[in-house]
Structure formats: structure tokens, C-alpha cells
Amino acid sequence: MKATSRRTPGATALRGVMLCASLGAAASAYALAAPDLPPEQHQGAVSFRTGGIGEDESKAMQQAAHQYPLELEFVSRSGDSAGGYLADVDVAIRDAHGSPVLQTRADGPFLLAKLPPGRYTVTAQYQASQLSRRVEIPAHGAQHVLFGW
């Protein structure tokens, strides 16, 4: 005896709706992954992203900033490049006790970091010039810190 499967029009339509829903969910997940967003990195307990070179990546970083308690931005304030973004900035973050929390080089004009609430000292060095800022990360909300050379 030969086994046959019967498809009813309703079952076929339901499969089509389910397929469309699955494809829509996959597309949403892809959009949330933001292909222009640099990958998240980890150092100890800190998750961070660094980048923002090019218009698309810069927009993606700015849109993702609300997910991170600390946003650092690096700009030029002198010379022909005044007002422009900077990259290759060395960043060191220390907690209130002076213990290192994060040490990295920013690949672009933005560095987004997930830090627990508390007080920190952020030191940024661009070429031979170093700047430091004291930052307090609140329990709710975020801090934006601008470094300009």
C-alpha cells in the first residue's frame, strides 16, 4: 500500500504564513545585529565596542550607544582637521581604587563600554598628548565623554 499525504489549502496557507513569520524574524535578528556595527569585545568583566569609521559605522555606533553606560568620543580641535573624528586613541579605564578595568586602543572615534555603576578615571592618549577625565556611571542612564585634542 502506497502512503500518500494530503495537503489541504488551509494547511498550505498556514505553512506559508509560518515561513513568512520565520523569515521576518530572521530579518529582524539580522537588522538587530547591525552589520555596520563593529563586533563586541570583552576584557575581564567589561564588554565594549570601538569604531565608527565611515558614515554607516558611525551611525551604527551612535545608535547602539544607548545600550552602553559609557560612550567615549574622540575629536580633533586644532589644525586642518579641527572638528574631525580621531582614531587610534589609547584608552585606559581605572576604577575608584585605581585598579585597571579596561585598556585598549580605539579603532575609531567611538568607544562604547558596559561598566557597572561607580566612579572611574578614563585616560585617553592620542599621539603624544594624554587627557584624563573622572566619570561616574549611574545605576540608570549613561555618560557621554568627549575627548578633544
[X] and [Y]: which non-hydrogen atoms are nearest, and at how many Å?
X	Y	answer
Ile53	Gly108	CG1-CA, 3.9 Å
Ser47	Glu40	CB-CD, 3.7 Å
Thr50	Asp107	OG1-N, 2.8 Å
Tyr126	Ala87	CE1-O, 3.4 Å
Ala106	Phe74	CB-CE1, 3.6 Å

**Message:** Please check this pair: side chain of Gln143 against backbone of Glu136, looking for a donor-acceptor N/O pair closer than 3.5 Å.
**Reply:** yes
**Request:** Please answer whether the main-chain N or O of Gly52 pairs with a side-chain N or O of Glu57 as donor and acceptor at a distance below 3.5 Å.
**Result:** yes
Close side-chain approach of [X] and [Y], heavy atoms under 4.5 Å:
X	Y	answer
Val89	Gln125	no
Thr123	Leu131	no
Thr121	Ile93	no
Leu72	Val122	yes

**Message:** Could you see if Val91 belongs to whatever hydrophobic cluster contains Leu112? Use Ile, Leu, Val, Met, Phe, Trp, Tyr and a side-chain cutoff under 4.5 Å.
**Reply:** no
**Request:** Could you tell me whether Tyr85 and Phe110 have their ring centroids closer than 6.0 angstrom?
**Result:**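 Yes: the rings meet the under 6.0 Å criterion.
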**Request:** Any pair with a residue in residues 86-96 that passes side chain to side chain donor-acceptor pair (under 3.5 Å), sequence neighbours left out, goes on the list, sorted by first then second residue, please.
**Result:** Asp90-Arg105
**Prompt:** Should the pair Arg133 and Phe147 be classed as cation-pi, given the thresholds of under 6.0 Å to the six-membered ring centre and 45° from the axis?
**Reply:** yes
**Asked** Partners of His140 by side chain to side chain donor-acceptor pair (under 3.5 Å), sequence neighbours excluded?
**Response** none
**Message:** Under the rule for ring-ring contact (aromatic ring centres under 6.0 Å, His included), what residues qualify as partners of Phe48, not counting sequence neighbours?
**Reply:**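 With neighbours one apart ignored, the set is empty.
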